[in-house]
Amino acid sequence: MEGPSIVILSEELQEFLGKKVLKVRGNTKQPKDDLKGRTLERIDTWGKVLFLTFSHKTLPSIVTKTHFMMFGSYRINEPRENRDPRLELTFKNGIVYFYSCSIKFGAEDYQKSLDPRVDVLSPDWDPDHVLMLMKKKQSTYLCDLFLDQSLFAGSGNIVKNEALFNLRRHPMTKLSEISKKDWSLLVHAIHEYCFNFYEWKKEFQLRRHWQVYRKSICPVCGSKIQRKKMGKNERATFICPHCQNERNSKKELILFEVMPIEDSAEREERLDH
DNA sequence: ATTCATGTTGTGAT
DNA sequence: TATCACAACATGAA
C-alpha cells in the first residue's frame, strides 16, 4: 500500500479514537494482549507507515508500527476472512482486522526519529527541504529517487511510474541530467500525484486514471507500453517508448495533466490498495 | 501450475 | 565502513 492508502485507512480508523480495546486476537508475535484494556489515543501516519498509540491509566503507552508492504490489507466492521488476521482489535463500536502486514510494538522512538518534512502526505511536507536533500542524490536514477522513502515517504511504484509519465521522462534519467531549476517540478509531480491518488482512490477511480502502470497502450500516442525491471531494486517499470524517449530530455520539462481513460472496462475494486 | 506484484528489513558476503 | 545480493515475509490475480 502506498502513502495515500494509509492516510485513507487512518481516516477510517477515526471512529475508534478514544475507544478502549475490549478484545485482541491475531497471529502476530508481538505482545498483543498488552493492548487489552488500553485506549486508542493517537492515530498517526508517516509515508506508508501507520502508528497507533494505546494509552493506559497507570502503565506507559504502547506505540505500534504497522506496514502493509506488498500484500497487506485490512477490514473494518466486516466478517473476518477465513485466514487469520495478523491483528484483530475489538472495540465497543466495531472491529478492525489487519492482514499479512508487519506489526511492531515499542515504536515510539522510531516514530520520533522520522521527519514529517519528507512525508508527501503530511501537512508539514516541505518541498524546499526535499530539494536540499536531493543535492546528495545527483547520481541517482529517477526511478530509484522516486521510491526513496528518505525523500518521498509514501511514494510507491504506482506513484513512481505515473509521475514519471506525467513528466514525460525516462526512468533511467539521472537526477544530474535534470536542470536544477526543474527539480521542484519533479517534487511537485510526486506530491500532486499522491493527492490525486488519494482522491481517486476514495472515489474508486484510481485504476481508471492509470496512464502507464500495468497498461498496454499509451493513452497519449497509442504506442505499446514497455514493461521492464529497472533501477537498484529491479522494480517493474512501465514506459511509453515514444513519450518518455531519452532524447526528450533536451525538451523543456513539463508536468502534464492526467486524463481518465474512459474505455476502460476494468471494474474498480473497493479492496484495491 | 507458475509467475508476478502498490515493499521493507535483516543477514552475511564482498 | 559501505555496499551488495539474497532471503524472508505473505496472498491473490493473471
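Labels below follow one simple rule: chain letters A, B, ... track the order of the sequence lines, proteins then strands, and each chain is numbered from 1.
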Picking from dG7(B), dG12(C), dA10(C), the nucleotide nearest the side-chain atoms of M69(A) would be dG7(B)
Considering only heavy side-chain atoms of H67(A), the closest of dT6(B), dG7(B), dT11(C) is dG7(B)
To the nearest angstrom, the OH-P distance between Y74(A) and dG12(C) comes to 16 Å
Select base, sugar-phosphate, or nothing to describe what K232(A) touches, counting heavy atoms under 4.0 Å on all strands. nothing
Here the distance between atom P of dC4(B) and atom OH of Y213(A), to the nearest Å, is 14 Å
Indicate, with a heavy-atom threshold strictly under 4.0 Å, whether K160(A) touches base, sugar-phosphate, or nothing. nothing
_Ring-plane angle category for Y110(A) and F51(A), please: parallel below 30°, perpendicular beyond 60°, tilted otherwise._
tilted
To the nearest angstrom, the CD-P distance between E2(A) and dT6(B) comes to 8 Å
Can you classify the ring geometry of H191(A) versus W125(A) as parallel (below 30°), tilted (30 to 60°) or perpendicular (above 60°)?
parallel
| Are K104(A) and dT9(B) close enough that a side-chain N or O sits under 4.0 Å from OP1 or OP2? | no
Regarding the side chain of F71(A), the nearest nucleotide among dT8(B), dA10(C), dG12(C) is dA10(C)
When rounded to whole Å, the NZ to P distance for the pair K136(A) and dA2(C) reads 14 Å
Of dT6(B), dC4(B), dA10(C), the nucleotide closest to the side chain of S100(A) is dA10(C)
In this structure, CG of L164(A) is separated from CD of Q211(A) (nearest 0.5 Å) by 13.0 Å
Distance between the C1' atoms of dA5(C) and dT6(B), in whole angstroms? 24 Å
note: K228(A), atom NZ; dA5(B), atom P; distance rounded to Å ~ 15 Å
With the side chain defined as heavy atoms from C-beta on, R86(A) is closest, among dC9(C), dT6(B), dA5(B), to dC9(C)
In whole angstroms, the gap separating C1' of dT9(B) from OH of Y110(A) amounts to 10 Å
TODO: Between dA7(C) and dT3(B), how far apart are the P atoms? Round to whole Å, please.
DONE: 15 Å
I6(A) CD1 to dG7(B) C1', in whole Å, measures 11 Å
Pairing partner of dT6(B), by Watson-Crick or G-U wobble and under 3.5 Å for both distances, is none
>> Tell me whether the count of non-hydrogen atoms from other residues, nucleotides or ligands lying under 6.0 Å of CD in E108(A) goes above 12.
In response: no
message: If the cut-off is 4.0 Å, is R235(A) near the phosphate of dG7(B), judged by side-chain N/O to OP1 or OP2?
response: yes
Please confirm whether the shortest side-chain N or O distance from K48(A) to OP1 or OP2 of dG7(B) is below 4.0 Å. yes
Using Watson-Crick geometry (N1-N3 plus N6-O4 or O6-N4) or G-U wobble (N1-O2, O6-N3), each under 3.5 Å, dA10(C) is paired with none
Which of dT8(B), dG12(C), dT6(B) is nearest the side chain of A236(A)? It is dT6(B)
*Compare side-chain N and O positions of Y99(A) against OP1 and OP2 of dA10(C) and report whether any pair is under 4.0 Å apart.*
no
Any side-chain N or O of R214(A) less than 4.0 Å from the OP1 or OP2 oxygen of dA13(C)?
no
When rounded to whole Å, the CZ to C1' distance for the pair F68(A) and dT9(B) reads 17 Å
Next item on the list: Describe, in one word, how the ring planes of Y97(A) and Y99(A) are oriented to each other, choosing from parallel (under 30°), tilted (30 to 60°) and perpendicular (over 60°).
Entry: parallel
Are OP1 or OP2 of dT8(B) and a side-chain N or O of Q149(A) less than 4.0 angstrom apart?
yes
Scan side-chain atoms only and decide if K232(A) and T140(A) contain a donor-acceptor pair under the 3.5 Å cut-off. no
*asked:* So, does K29(A) get its side chain near the phosphate of dC9(C), meaning an N or O under 4.0 Å from OP1 or OP2?
replied: no
According to the interplanar angle, ranging from 0 to 90°, do the rings of F238(A) and Y213(A) count as parallel (below 30°), tilted (30 to 60°) or perpendicular (above 60°)? perpendicular
